[in-house]
Amino acid sequence: MNKIVLTSLAAFLLVGCVSAPAKAQAEQVDVDKAVEILGRSVAFDTVAGRGKVPAYAEYLASELIAGGFAEEDVAIEPFGETSTLMAHYAGRSAETPIVLNAHMDVVEADPADWVRDPFTMETDGTYFYGRGVLDNKYGLTMLVTTLIRLKREGFVPAHDIILVLTGDEETAQVTAAEVAPRFKGARMVLNADAGGGTLSDDGTPRYYSLQAGEKTYADFEVVITNPGGHSSRPTGSNAIIDMSSALERVAAYAFPPQTSELTQAYFRETAKQVPGDIGAAMARFAENPEDAGAVALLSAEPEYIGQIRTTCVTTQIEGGHAQNALPQRVTANINCRIFPGVSPKAVQAKLQELVGTGAEVNFPVEYPQSETSPLDAELMAAVRKAVDIQSPGLTIIPSMSAGTTDSLLFRGQGIPSYGVSGIFMKPSDDFAHGLNERVPVDSIPGALEHWHVLLTELAG
């Protein structure tokens, strides 16, 4: 194993031995710079509570300024122990800018659990390893490196390009919530934290996913209280038993199937990739969302149920106060991923109906919600050209995420937002948020060219 020491560009010459994909023409200087920035990025342990995001933002600002940005066009804005970084790439018009989004923070990584130091980027020649090397410092690095390349090439966009790097996407998303309203009227957001190409186990490209929507996250608290009593005098029912019955009713309920332009396109295209009954069910559902047989088959698949309806599942339960006493209070957490356009309050009302009058359903924290983004023709054409750099003619599948990115906050302001990462990788290589997070070394040239094509096509 070769450990990358982040002291000079020469330390990254290993990448020079890696062949870029046939259609990727990023210059070696850009590949070297991307590897340098990615390695130094991993070294900032930007975990919530450690206060390292501002220092990381300062480092990135220095790279942008050294790469041709004027100091006054790069701004760091503090938010508690974290911060945002914004960089302004002036175009011929300041109207309807394109916003580029990624996040600087990462989830926790315990060195005791890792094979390698999670905050030192290492390589075995095939992969780069480190916390955040994929989520999301990879996408962030591709954006920063591409903007530096465009400055070097003298590119002047028709409209402004605004880089927005947030500082707490993995937790409260306060930074995105604060800055998103400032960009009302932006043409679109291109998010490096979603989308990308999927490879088969043998490395053959299978399809490219374009994220254009996200479900709404919601945690509901169910509370049942009871006078309790001595355990030697059971009453036949108590708060734990009542909660068990209530949660069984929630588990047995299926929210109605739903569809949108985005999910119809997803199933229509994914059906071509999936063989057998499931693929056929996708095709039928895309044409007729009321096809009960198709709904039943897709609902039985954890990978697809979230694409056709709101889902709610019990994730935590606490109850009782002593081993020899009847429980006086039990609480349960029900985590829901709500289909775009459905009000969380409506879901709360349905849960209250299901658990009954003996329980109370609370909604402690209301998370943002948004509609899906339209499949803009000009965007789709640019993504087509960018994908063709790495895999000509590869199927592009619009998708809706069950999870959440900062795009949710921008969509909530009416700004169309799209996850269009340039990485191509196997699902088996995806260890985001997990142990020994990694990215393929040879993915970088293609990702750089992907972003170069996207920006010159959309902003040119």
Side-chain angles (χ1 to χ4, degrees), residues 171-173 214-260 263 285 289-290 292-370 400-404 408 433:
T171 53
Q173 293 184 287
E214 294 163 282
K215 299 180 83 174
T216 300
Y217 180 103
D219 283 311
F220 298 98
E221 180 189 57
V222 182
V223 181
I224 294 179
T225 57
N226 192 287
H230 201 286
S231 62
S232 66
R233 303 177 61 204
T235 62
S237 180
N238 61 50
I240 289 178
I241 294 172
D242 293 344
M243 180 66 79
S244 176
S245 298
L247 296 181
E248 282 186 354
R249 292 192 293 274
V250 171
Y253 178 76
F255 285 84
Q258 293 181 268
T259 189
S260 66
T263 57
F285 182 79
E290 297 183 2
V295 169
L297 280 173
L298 296 175
S299 295
E301 298 291 327
E303 185 174 356
Y304 303 121
I305 185 173
Q307 297 294 317
I308 65 171
R309 55 166 43 104
T310 293
T311 60
C312 291
V313 61
T314 304
T315 55
Q316 290 182 313
I317 188 166
E318 296 180 8
H321 58 284
Q323 291 182 329
N324 60 352
L326 301 178
Q328 296 173 351
R329 178 183 173 89
V330 180
T331 64
N333 187 81
I334 297 179
N335 179 257
C336 298
R337 306 302 174 111
I338 302 171
F339 204 89
V342 175
S343 165
K345 292 291 188 181
V347 174
Q348 180 185 13
K350 173 52 72 172
L351 292 175
Q352 184 66 70
E353 176 188 328
L354 292 169
V355 300
T357 56
E360 180 181 0
V361 179
N362 301 318
F363 190 12
V365 179
E366 291 194 42
Y367 290 87
Q369 57 181 308
S370 68
M400 176 179 68
S401 296
T404 301
L408 183 72
H433 291 205

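The structure displayed is predicted, hence computed values, not measured ones.
- Put simply, the side chain of Thr404 does not reach to within 4.5 Å of the side chain of Pro368, judged on heavy atoms.
- Side chains of Val347 and Cys312 form a contact here, defined as non-hydrogen atoms less than 4.5 Å apart.
- Side-chain contact check for Thr331 versus Ile317: every heavy-atom pair is 4.5 Å or farther apart.
- Contacts classified as ring-ring contact (aromatic ring centres under 6.0 Å, His included) and involving residues 312-370 (residues at least two apart or in different chains) are given here: Tyr217-Tyr367, Phe220-Phe363.
- Pairing each heavy atom of Gly306 with each of Lys215, the nearest pair is O-NZ, 2.8 Å.
- For Gln173, the side-chain hydrogen bond (donor to acceptor under 3.5 Å, both in side chains) criterion is met by Asp406, not counting sequence neighbours.
- To the nearest 0.5 Å, atoms SG (Cys336) and CG (Asp219) are separated by 8.0 Å.
- Applying the side chain to side chain donor-acceptor pair (under 3.5 Å) test to pairs two or more places apart or on separate chains, those with a residue in residues 295-308 are Ser299-Arg309.
- The minimum heavy-atom distance between Gly320 and Pro327, with the atom names listed, is CA-CB, 3.8 Å.
- In plain terms, the two heavy atoms of Ala218 and Ile338 that are nearest each other are CB-CD1, 3.9 Å.
- For residues 316-337, no residue pair satisfies the salt bridge (Lys or Arg N to Asp or Glu O under 4.0 Å) rule, not counting sequence neighbours.
- Sorted by first and then second residue, the pairs that involve residues 228-256 and meet ring-ring contact (aromatic ring centres under 6.0 Å, His included), not counting sequence neighbours, are Tyr253-Phe255.
- Scanning for side-chain hydrogen bond (donor to acceptor under 3.5 Å, both in side chains) contacts around Glu221 gives Asn362, with sequence neighbours left out.
- Within the 4.5 Å cutoff, no side-chain heavy atoms of Ile305 are placed close to those of Leu298.
- Checked by atom type, the side-chain pair Asn333/Thr315 shows a donor-acceptor distance below 3.5 Å.
- Remark: Glu360 engages no residue in a salt bridge (Lys or Arg N to Asp or Glu O under 4.0 Å) (not counting sequence neighbours).
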Identify each donor-acceptor pair in which a side-chain atom of residues 239-249 lies under 3.5 Å from a protein atom, sequence neighbours left out, and give them as a table.
| from | atom 1 | to | atom 2 | distance (Å) |
| --- | --- | --- | --- | --- |
| Asp242 | OD1 | Ser237 | OG | 2.5 |
| Ser245 | OG | Ile241 | O | 3.4 |
| Arg249 | NE | Leu354 | O | 2.7 |
| Arg249 | NH2 | Val355 | O | 2.8 |

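- The side chain to side chain contact (heavy atoms under 4.5 Å, CB included) search around Thr259 returns Thr263, Gln264, Phe285, Pro289, not counting sequence neighbours.
- Residues Leu326 and Thr235 are in side-chain contact: their nearest non-hydrogen atoms beyond the backbone lie under 4.5 Å apart.
- Using a 4.5 Å cut-off on side-chain heavy atoms (C-beta onward), Val295 and Ile308 make contact.
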Task: Candidate pair Gln352 and Val222, rule side chain to side chain contact (heavy atoms under 4.5 Å, CB included), full reasoning - done: CA-CA 9 Å; Gln352 184 66 70; Val222 182; over 6 Å; no

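- The side chain to side chain contact (heavy atoms under 4.5 Å, CB included) check on Ser401 picks up Gln211, Glu214, with sequence neighbours excluded.
- By the side chain to side chain contact (heavy atoms under 4.5 Å, CB included) test, Ser231 pairs with Asn324, sequence neighbours left out.
- The side chain to side chain contact (heavy atoms under 4.5 Å, CB included) search around Gln369 returns Thr216, Pro344, not counting sequence neighbours.
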